[in-house]
Amino acid sequence: MHRCTAAPQTLPVGEVGCSSVERTLIDLAREHGLAGGVVPMDVALRNGSTTFDRLYTELDRCVRWPGVRTAREAIALADPLSESPLESQSRLKFGKFGLPQPEAQVRIGNTAGQFVARVDFYWDKFGVVGEADGAVKYEGIDVSPLHEEKKRQEALENLGLTVVRWGYADLHDFEPVSMRLRRAFRRPKERGWIVLPRL
């Protein structure tokens with residue numbers, strides 16, 4: 001049982017009583033910290049298992065419980081646009097290293113309005129794209145995904161954007177990624193791209 005002053009409301013799953021999605025997510029943040037809360041909240045918000053309103057309603061029942069401040073911060077930082085734990089944890093790293101928060105899942109086009117790519121992170125002010133690459137993309141012997149990623153990056157760079165990449169291993173020491181992003185922010189750009197509407 002997670003630390004609290006009241007028993008959780010339970011929902012029947014077969015013959016077993018289970019806590020609600022919202023209570024479970026809040027307990028994860030209270031017990032396991034910011035990343036432990038944000039990552040599953042992103043997933044639950046993205047797949048429709050919960051909403052911000054329902055999370056905040058449940059949070060109101062947890063006043064003065066241990067870890068509730070962390071849970072509140074996790075809800076505030078959650079983003080249903082996040083598509084992987086790496087993207088979720090990257091957003092937390094941006095905050096920790098004082099980097100501006102980017103837009104997520106942005107569709108980039110050329111000046112003629114033709115779609116070029118959808119990117120993980122986008123800093124419009126600086127003309128910088130961030131790509132959080134999970135190793136699963138490159139498992140096995142098929143090199144075609146890697147080749148396609150290379151062509152995609154070249155297409156973005158041909159528009160004048162700077163692309164910065166990182167992976168799960170970089171989460172352990174994000175300082176080099178932070179430095180690469182800051183250098184990219186300072187690089188002058190000739191804008192040859194537009195942001196397309198979300199689908």
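Look at K151 and E148 and you find a salt bridge, because one of the NZ, NE, NH1 or NH2 atoms lies within 4.0 Å of a carboxylate O, short of that distance. Between R23 and D27 there is a salt bridge, with a side-chain nitrogen of the basic residue lying less than 4.0 Å from a carboxylate oxygen of the acidic one.
Here R54 pairs with E22 under the salt bridge (charged side-chain N to carboxylate O under 4.0 Å, His left out) rule; sequence neighbours left out. Residues satisfying the side chain to side chain contact (heavy atoms under 4.5 Å, CB included) test with D60, not counting sequence neighbours, are none. Under the salt bridge (charged side-chain N to carboxylate O under 4.0 Å, His left out) criterion, R107 pairs with no residue at all, not counting sequence neighbours. Q153 meets the side-chain hydrogen bond (donor to acceptor under 3.5 Å, both in side chains) test with E157, R165; sequence neighbours excluded. Under the salt bridge (charged side-chain N to carboxylate O under 4.0 Å, His left out) criterion, E175 pairs with no residue, sequence neighbours left out. Every residue two or more places apart in sequence or in another chain that forms a salt bridge (charged side-chain N to carboxylate O under 4.0 Å, His left out) with R152 is listed here: E131, E149. Checked against ring-ring contact (aromatic ring centres under 6.0 Å, His included), F126 has the following partners two or more places apart in sequence or in another chain: F185. Partners of D53 according to the side chain to side chain contact (heavy atoms under 4.5 Å, CB included) rule, which considers only residues two or more places apart in sequence or in another chain, are T51.
Cluster partners of L81 are absent, since no Ile, Leu, Val, Met, Phe, Trp or Tyr has side-chain heavy atoms less than 4.5 Å from it. Using a 4.5 Å cut-off between side-chain heavy atoms of Ile, Leu, Val, Met, Phe, Trp and Tyr, V195 falls into a hydrophobic cluster with V106, I108, V116, V119, Y122, V129, L156, L159, L161, V163, W193.
Applying the ring pair (Phe, Tyr, Trp, His ring centres under 6.0 Å) definition to pairs two or more places apart or across chains, none involves residues 33-61.
V38 and L28 fall into different hydrophobic clusters, defined by Ile, Leu, Val, Met, Phe, Trp and Tyr side-chain heavy atoms under 4.5 Å apart, directly or through other members.
Put simply, the side chain of L34 reaches to within 4.5 Å of the side chain of E73, judged on heavy atoms. In this structure, P176 and M179 have side chains that are not in contact, with every pair of non-hydrogen atoms separated by 4.5 Å or more. Within the 4.5 Å cutoff, no side-chain heavy atoms of V68 are placed close to those of V63.
For R69, the CZ atom sits in a loose shell: 12 or fewer heavy atoms of surrounding residues, nucleotides or ligands are nearer than 6.0 Å.
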Residues 92-102, side-chain donor-acceptor partners within the protein, below 3.5 Å, at least two apart:
residue: K93; atom: NZ; partner: L171; partner atom: O; Å: 3.1
residue: Q101; atom: NE2; partner: R91; partner atom: O; Å: 3.1

